[in-house]
Amino acid sequence: SGGTWLTDRWRVGATAGVDRWLDRGRQALLGADAEFWPLVDRLQLRARVSHWTGHEAFSNASVDATFRSSPSRSRNLLLLRTGASAATDAAPALAWPGADTGHVRDVLLRAHPLLEDGLISGGVLGRRLMFGGAEFQRWSSPSKWLVQYAPAAFIDVAKASRGFASGLSSTQVDAGIGLRLAAPGSGVLRVDLAHGLRDGRTAFSVVWER
């Protein structure tokens with residue numbers, strides 16, 4: 001996989017490879033993605049599509065938008081996101097879009113982890129997914145060790161359809177609080193405690209975000 005910046009606002013990329021599925025054998029993968037930044041370093045619009053060839057060919061695609069109130073870890077930082085994803089009927093469950101704490105899928109629904117004892121069982125996963133969310137972070141000034149921290153509050157919303165019979169098909173709304181730790185030039189360690197406002201589920205998660 002690889003990508004290139006056409007301008008300071010446009011980036012395009014492509015992916016090629018071979019996946020081996022237990023019940024499908026080998027399938028060639030071809031993918032493409034594009035990013036557009038109407039507001040550089042603040043507003044990102046992104047589209048991705050992937051296609052697996054073969055006897056049981058299938059595809060998936062997604063579009064999303066992400067906004068941040070500041071390009072840096074300023075004192076007060078607001079993050080907003082929304083999007084939708086879809087997979088074709090022949091797609092296996094591993095290729096379905098879903099929402100999670102950030103361990104299995106990138107879309108966040110932090111009171112609803114997809115993995116249970118190492119297996120995906122139910123949860124917010126399906127051939128169709130719509131999602132959104134907001135997060136507020138209040139960052140400290142860099143210390144002499146160059147480490148910053150931020151308490152955070154967030155709300156995640158997601159709805160999956162055409163998934164497992166045991167999956168959650170209603171719209172789920174998760175709210176919670178967390179802590180962020182970061183150093184210049186690195187990712188962010190995210191620690192979250194979230195509660196499902198619709199079904200009462202609660203989950204604690206720790207994720208490293210690049």
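What's counted below: heavy atoms across the whole structure, side chains too, no hydrogens, waters or symmetry copies. Quick caveat, the model's predicted, so the values are computed rather than measured.
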> Could you see if Trp208 belongs to whatever hydrophobic cluster contains Leu193? Use Ile, Leu, Val, Met, Phe, Trp, Tyr and a side-chain cutoff under 4.5 Å.
yes
> What's the spacing between Leu79 CG and Ser69 OG if we round to 0.5 Å?
7.0 Å
> Give the intermediate values and the outcome of salt bridge (Lys or Arg N to Asp or Glu O under 4.0 Å) for residues Arg9 and Asp41.
CA-CA 9 Å; Arg9 296 177 184 269; Asp41 294 331; over 6 Å; no
> Decide side chain to side chain contact (heavy atoms under 4.5 Å, CB included) for Asn60 and Thr88; before the verdict, give the C-alpha distance in whole Å, the side-chain angles of both, and the deciding distance to 0.1 Å.
CA-CA 6 Å; Asn60 59 26; Thr88 56; over 6 Å; no
> What distance separates Arg105 CZ from Leu125 CG, expressed to the nearest 0.5 Å?
5.5 Å
> Residues in side chain to side chain donor-acceptor pair (under 3.5 Å) with Asp192, at least two apart?
Arg110, Arg180, Arg190
> Please examine the side chains of Pro92 and Trp21, heavy atoms only from C-beta on, and report whether any two atoms are closer than 4.5 Å.
yes
> Same hydrophobic cluster for Leu45 and Trp5, using side-chain heavy-atom links shorter than 4.5 Å among ILVMFWY?
no
> Answer with yes or no whether the hydrophobic clustering places Phe164 together with Val104; edges join I, L, V, M, F, W, Y residues whose side-chain heavy atoms lie under 4.5 Å apart.
yes
> Specify the closest pair of heavy atoms between Gln137 and Ala152, including all atoms of both residues, with the distance to one decimal.
CG-CB, 4.0 Å
> Should the heavy atoms of other residues, nucleotides or ligands under 6.0 Å from CD1 of Ile177 be counted, would the total exceed 12?
no
> Roughly how far apart are Asp174 CG and Ile155 CD1, rounded to 0.5 Å?
8.5 Å
> Hey, mind stepping through Arg127 and Ser161 against side chain to side chain contact (heavy atoms under 4.5 Å, CB included) and telling me if it holds?
CA-CA 6 Å; Arg127 294 180 179 87; Ser161 58; over 6 Å; no
> Run the side chain to side chain contact (heavy atoms under 4.5 Å, CB included) test against Arg48 and tell me which residues pass, sequence neighbours left out.
Asp33, Arg46, Ser62, Asp64
> What are the two closest heavy atoms between Ala86 and Pro97, and how far apart are they?
N-CG, 4.2 Å
> Identify the two heavy atoms, one from Pro151 and one from Leu179, that lie closest to each other, and give their separation to 0.1 Å.
N-CD1, 4.3 Å
> Is any side-chain heavy atom of Thr4 closer than 4.5 Å to a side-chain heavy atom of Val12?
yes
> Does Ala182 offer a backbone N or O that forms a donor-acceptor pair with the side chain of Gln148 under 3.5 Å?
no
> Distance from Glu56 atom CD to Asp89 atom CG, nearest 0.5 Å?
12.5 Å
> Is the backbone of Asp19 close enough, under 3.5 Å, to the side chain of Gln27 for a donor and an acceptor to pair up by distance?
no
> Quick one: closest heavy-atom pair of Thr101 and Leu108, and the distance?
O-CD2, 3.5 Å
> Between Ala87 and Ala95, which heavy-atom pair has the shortest distance, and what is it?
CB-O, 4.2 Å
> Can you sort out the partners of Phe36 under ring-ring contact (aromatic ring centres under 6.0 Å, His included), two or more places apart, ordered by chain and number?
Trp10
> Can you name the one residue among His112, Gln172, Arg81 that meets side chain to side chain donor-acceptor pair (under 3.5 Å) with Asp156?
Arg81
> Under a 4.5 Å side-chain heavy-atom rule over Ile, Leu, Val, Met, Phe, Trp and Tyr, are Leu197 and Val157 clustered together?
yes
> Within the structure provided, determine whether Glu209 and Val207 are in side-chain contact (heavy-atom separation under 4.5 Å).
yes
> Rounded at 0.5 Å granularity, tell me how far CZ in Arg11 sits from CH2 in Trp37.
10.5 Å
> If you take the centroid of each ring, where Trp contributes its six-membered ring, are Phe58 and Trp96 closer together than 6.0 Å?
no
> Please determine whether side chain to side chain contact (heavy atoms under 4.5 Å, CB included) holds for the pair Val107 and Leu129, giving the CA-CA distance in whole Å, both sets of side-chain angles, and the decisive distance to 0.1 Å.
CA-CA 10 Å; Val107 175; Leu129 179 73; 4.1 Å; yes
> With distance as the sole test, does Asp100 use its side chain to make a donor-acceptor pair with the main-chain N or O of Leu114 at under 3.5 Å?
yes
> Do Asp199 and Leu168 come within less than 4.5 Å of each other through their side chains, counting heavy atoms only?
yes
> Do the side chain of Arg42 and the main chain of Ser70 share a donor and acceptor less than 3.5 angstrom apart?
no
> Does some side-chain heavy atom of His51 sit less than 4.5 Å from a side-chain heavy atom of Leu29?
no
> Grab the two heavy atoms, one from Gly126 and one from Ala160, that are nearest each other, plus how far apart they are.
N-CB, 4.0 Å
> When you measure from the centre of the six-membered ring of Trp139, is the NZ or CZ of Arg75 under 6.0 Å away and within 45° of the axis?
no
> Are Val191 and Tyr149 joined in one hydrophobic group, where the rule is that I, L, V, M, F, W and Y side chains link up if heavy atoms are under 4.5 Å apart?
yes
> Answer yes or no: are there more than 12 heavy-atom neighbours, outside Asp106 itself, under 6.0 Å from its atom CG?
no
> Quick one: does Phe136's side chain get under 4.5 Å of Asn76's, heavy atoms only?
yes
> For Phe131, is there any backbone N or O sitting under 3.5 Å from a side-chain donor or acceptor partner on Thr82?
yes
